[in-house]
Structures are given as C-alpha cells and as structure tokens.
There are 2 protein chains.
Amino acid sequence: MLRTDITVAIRDAVMYELAEVGYGRLSIEAVARRAGVGKTAIYRRWSNKLEMVLEIVSDVAGRSVPLPDTGSFAGDLQLIMMIVSRALQHRIASQIIPDLMAEAARNPQIADTLQTALRTHQQAVGEKLVGQAVARGELPAGTDPDVAVDLILGPLYWRLAVSRSKPDPAYLEKLMTAVTAALKSAGD
Amino acid sequence: MLRTDITVAIRDAVMYELAEVGYGRLSIEAVARRAGVGKTAIYRRWSNKLEMVLEIVSDVAGRSVPLPDTGSFAGDLQLIMMIVSRALQHRIASQIIPDLMAEAARNPQIADTLQTALRTHQQAVGEKLVGQAVARGELPAGTDPDVAVDLILGPLYWRLAVSRSKPDPAYLEKLMTAVTAALKSAGD
DNA sequence: CCAGGACGTTACGGTTGCGTTCCGCCCTTT
DNA sequence: AAAGGGCGGAACGCAACCGTAACGTCCTGG
C-alpha cells in the first residue's frame, strides 16, 4: 500500500511548486526534491505531470463551498464576497488560480477540469443566491443568475487577482451596493 | 544596422510563441526557429528572455486605446465594452494576457510593466468616462472611477478570459444595463 | 522470523535549452 | 574593388529534466 504521509508530502509540494514556478515550468524533479521524496514515489502514483496536477488540483478545488443562506440577499452577498476575497488573497491560491486559468486556454484537459471544479459550484451558488432573493421579493423575477455571478465574481477577481490591490473594506462595501443596484434593475 | 524585417519577424514570433506555450515555457530557440532566424540575431537585440518579452509586450500594450467620447454615457460604455470584448476574443491576446497576468504574480518586473501599460490607460479611460458622465448629470457626483472600471472590466474579463463563453450580444446588453444601474446608485 | 512492498538513492541515456563562438555568405557603403 | 556589418547555421560546454532501472533499507503482515 502507498504510504499516506508520502502522498500528502507530494501533494503539498505540488501546490507549492505550482505557486512558485507555475504549471509550465513545474518539474517532477523539483516536486520530488521539495517533498523530500524519490521520483519513483511520484511515478508510482501518477504517470505524468498533467495527470498528477489534474488529480491534485481538482481534489482541492472540489472541496465544496457552503451555499449561502443567511436569510437576506444582502447577507448572502456579503458572505460570498467575503469568502471569495479571502480565497483570492490566499498566497498559494492567488498564484495557482490565474496560472491554471491561463494554462487552460491551451490545454483542454485543464480547461475541462477547471470548468467542472469551479463552474459547477459557481452555478449552484448563483442559482441558490438569486433563487432565494427572488423568492423573498428582494430581486425581480427575471434576474439572470449567470449575469449575477459575473457581476459579483468579475470585479472581485479583476481587482484581487489582476490589479492586485489591497483588501480595502470600503471598496467591498461600494461594490456590494453597486452589485445590488445592478441586479435589482435587471427586470427592467 | 539591425535589419528591420528581421526584428519584425522576431517580434511576431515572440507573440505567437507566447500565446502557444506561455512565458514559462517560452524558449529563445523556439522563437528563432519560428522566426526563421539565427539565435545570434536575437541575442544581438536583447540579452535575455525577460528583457526581450518585456520590451516587445510593453510596446504592443502601450499602443493607446482611444478615449471614449460619443456624447452619452450609454454610448461611451457600449464603445468600451465592444473594444474590450473584441480584444479579449482576439486569439493571441486572449492567451497572452492571462498568461502574463499569472506570471506577474511571480515576477515583479513583469508586474510593473503590466501595471504601467494597462493600469495607466485603464485609469485614464475610467476617469474620462466617469468625469464626462458626471458633468452631463448622467451619474451622481460621488461616483468612484475605480469601482466603475472594475464593474465594467471585471465581468467582461471573467466571462471572456476565465469562463470562456461565447460572445453573446444579449449578455452584453444585460451587462450594460446592470452596470449603468450599479453606477447610478453609487451616490446613495 | 521471513517475504513483500514501499521507500530513498544513485545512475543511466536522451532531450532540450542556454548563451557563446566561429564560419562563410551577402548586401551595403565607400 | 574592397571593407564591414548583419545574417543563418553549426557547434560548443553546461545545466536541467525526462522516465526507467537497479540497488539496499526499513516497516509490516503472516
């Protein structure tokens, strides 16, 4: 049986290495070195770099985000924005995510994995968030969950992952009111 | 004197290679191969990969985007969204941009170059757009240009560069009305 | 107590890329 | 006609990885 502690060490090393040099430059040797492990131990578990990264990343990404249910749209929205902004400020995640997104533009397998891992959750969260708000009468009936998700995640991602500015709480508040106003108008 | 046609061939090859394999895996040899050029010709112009890429990319990115001035906020907004969505659907650009953004998280020099090239324009466009709209009374006086830019670019970037969905004109319209509503509420 | 398995280590041949050097060609300048 | 500079091409030594193989060690189960 494969030793669990070794597997964990490899997984950690892959995440670390992925953050440091990116998928493109990630080498099995470097992973083995960092994990304090022989290359053999890695090849015993996965047969290539792609397979290894996909398995590890999709496992991490698959850990489900709790669906929002605070009782009000404002509360749900705030919760989601907190979770997302926290995640995007995480040192490792904030480097791995854009890297894999860029790589996904070239590698269909990575694209699929990311779609499955992220998009599914994203959609579920969006539908629940909007559905609840509509049921409560906080949003008009025609509200499009996809647009809502884009409006919420887009600016956050842009600011935190692309512009890379500081986590300004006043900004988050402005963004929240803006997004709320945007969605309330969707039925017009 | 260095031959201009050779320089052009190299620049094209770099952009192409950058789109195909990304900065991480970009090799001088591959660039030379694709450009139909000796490595010598490249090293005669730049001293390493980073310098070469920075010079070429910042040159391309520096080409100024026209400031919007259609006479109405709705018109300006639509123009910007058209320009951005067109740019993000460009085959080469849509692969290079996310890739360099990811790389920027690791390489301060790339980050600086990108900031300078993109952010400056972005800010200018945002300030002009919002300023004009406020002057016309189309937006409340307190409107934050930074938030406005994030609200416009964020969702577009998310959808086109991250989610990679099709260019849906109905979506663009929905997004436009949503963004307009969001910004009009900013003074509340 | 012993067999088997997972491990780290070392080594292997092969590939790729680096940055440099030298060559001979060709075009321009003088 | 001669000189010089930019060029492509080939080769260099060096380093990093690849994926595989052959050790010897340690731990576990029977």
Side-chain angles (χ1 to χ4, degrees), chain A residues 1-57 59 95-96 99-100 102-103 106-110 113, chain B residues 1-57 59 95-96 99-100 102-103 106-110 113:
Chain A
M1 196 49 197
L2 299 173
R3 271 171 54 187
T4 317
D5 57 332
I6 301 285
T7 307
V8 170
I10 297 176
R11 296 182 109 89
D12 289 351
V14 167
M15 295 301 279
Y16 206 103
E17 211 52 35
L18 215 45
E20 194 147 299
V21 304
Y23 178 82
R25 269 193 300 248
L26 181 127
S27 78
I28 303 266
E29 302 225 346
V31 170
R33 231 178 290 136
R34 185 183 297 273
V37 144
K39 282 198 286 179
T40 330
I42 296 179
Y43 282 109
R44 208 172 282 129
R45 290 168 171 77
W46 303 278
S47 60
N48 20 116
K49 167 170 135 178
L50 178 58
E51 190 185 304
M52 174 180 74
V53 170
L54 284 186
E55 205 251 41
I56 293 177
V57 166
D59 184 67
Q95 294 195 285
I96 293 185
D99 184 84
L100 289 182
E103 199 61 33
R106 296 181 204 105
N107 190 320
Q109 291 207 52
I110 295 187
T113 305
Chain B
M1 196 47 197
L2 299 174
R3 272 172 53 186
T4 317
D5 56 333
I6 301 286
T7 307
V8 170
I10 298 176
R11 296 181 109 89
D12 289 351
V14 166
M15 295 301 279
Y16 207 102
E17 252 338 271
L18 215 44
E20 193 148 298
V21 304
Y23 177 82
R25 267 193 301 247
L26 180 126
S27 77
I28 303 265
E29 303 226 336
V31 170
R33 233 177 289 138
R34 183 183 298 275
V37 144
K39 282 199 289 180
T40 330
I42 296 180
Y43 281 109
R44 206 172 284 126
R45 290 168 172 76
W46 303 278
S47 60
N48 46 67
K49 167 170 137 180
L50 178 59
E51 191 186 304
M52 175 181 73
V53 170
L54 283 185
E55 205 251 39
I56 293 177
V57 165
D59 183 68
Q95 293 195 284
I96 293 185
D99 183 84
L100 288 182
E103 199 62 32
R106 294 179 207 107
N107 189 320
Q109 291 207 54
I110 295 186
T113 305

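Both backbone and side-chain heavy atoms feed into the values below; hydrogens, waters and symmetry mates do not. Remember, predicted model here, so these are calculated numbers, not experimental data. Lettering of chains follows the sequences in order, A, B, ..., and the numbering in each one begins at 1.
When distances are taken from the side chain of A:Glu29 to each of D:dC18, C:dA6, D:dG6, the shortest belongs to D:dC18. Nearest to the side-chain atoms of A:Leu2 among the listed nucleotides C:dA6, C:dT20, D:dG19 stands C:dA6.
Under the 3.5 Å distance criterion, the side-chain polar atoms of A:Arg106 are matched with a main-chain donor or acceptor of B:Ala19.
Here the C1' atom of nucleotide C:dC18 and the CG atom of B:Leu26 are 13 Å apart, to the nearest Å. In this structure, CH2 of B:Trp46 is placed 16 Å from C1' of C:dG19, rounded to the nearest angstrom. Between the CZ atom of A:Arg25 and the P atom of C:dC18 there is a distance of 12 Å, rounded to whole Å. Across the protein-nucleic acid pair, A:Ile6 atom CD1 and C:dC7 atom P stand 6 Å apart, rounded to whole Å. Between the C1' atom of C:dT20 and the CG atom of B:Asn48 lies a distance of 14 Å, rounded to the nearest Å. Here the C1' atom of nucleotide C:dG17 and the CE atom of B:Met52 are 13 Å apart, to the nearest Å. Rounding to whole angstrom units, OH of residue A:Tyr43 and P of D:dC17 are separated by 12 Å. The CG atom of A:Asp5 sits 9 Å away from the P atom of C:dG8 (whole-angstrom rounding).
Residue order along DNA chain D, read from the 5' end via each residue's closest nucleotide, puts A:Ser27 first among A:Ser27 and A:Thr40.
With respect to the salt-bridge test (charged N to carboxylate O, under 4.0 angstrom), the residues B:Glu51 and B:Arg45 do not qualify. Between A:Glu103 and B:Arg25 there is a salt bridge, since a side-chain N of the basic residue sits under 4.0 Å from a carboxylate O of the acidic one.
Side chains of B:Thr113 and B:Leu100 form no contact here, defined as non-hydrogen atoms less than 4.5 Å apart.
Among the heavy atoms of the strands lying under 4.0 Å from A:Lys39 is at least one base atom, whether or not backbone atoms are also near.
At least one side-chain nitrogen or oxygen of A:Arg45 sits closer than 4.0 Å to the OP1 or OP2 atom of C:dC7. For C:dC7, one of the phosphate oxygens OP1 or OP2 lies less than 4.0 angstrom from a side-chain nitrogen or oxygen of A:Arg44. Checking the phosphate oxygens (OP1, OP2) of C:dG17, a side-chain nitrogen or oxygen of B:Arg33 falls inside 4.0 Å.
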Working for side-chain contact (heavy atoms from CB on, under 4.5 Å), residues A:Leu50 and A:Tyr23: CA-CA 9 Å; A:Leu50 178 58; A:Tyr23 178 82; 3.4 Å; yes

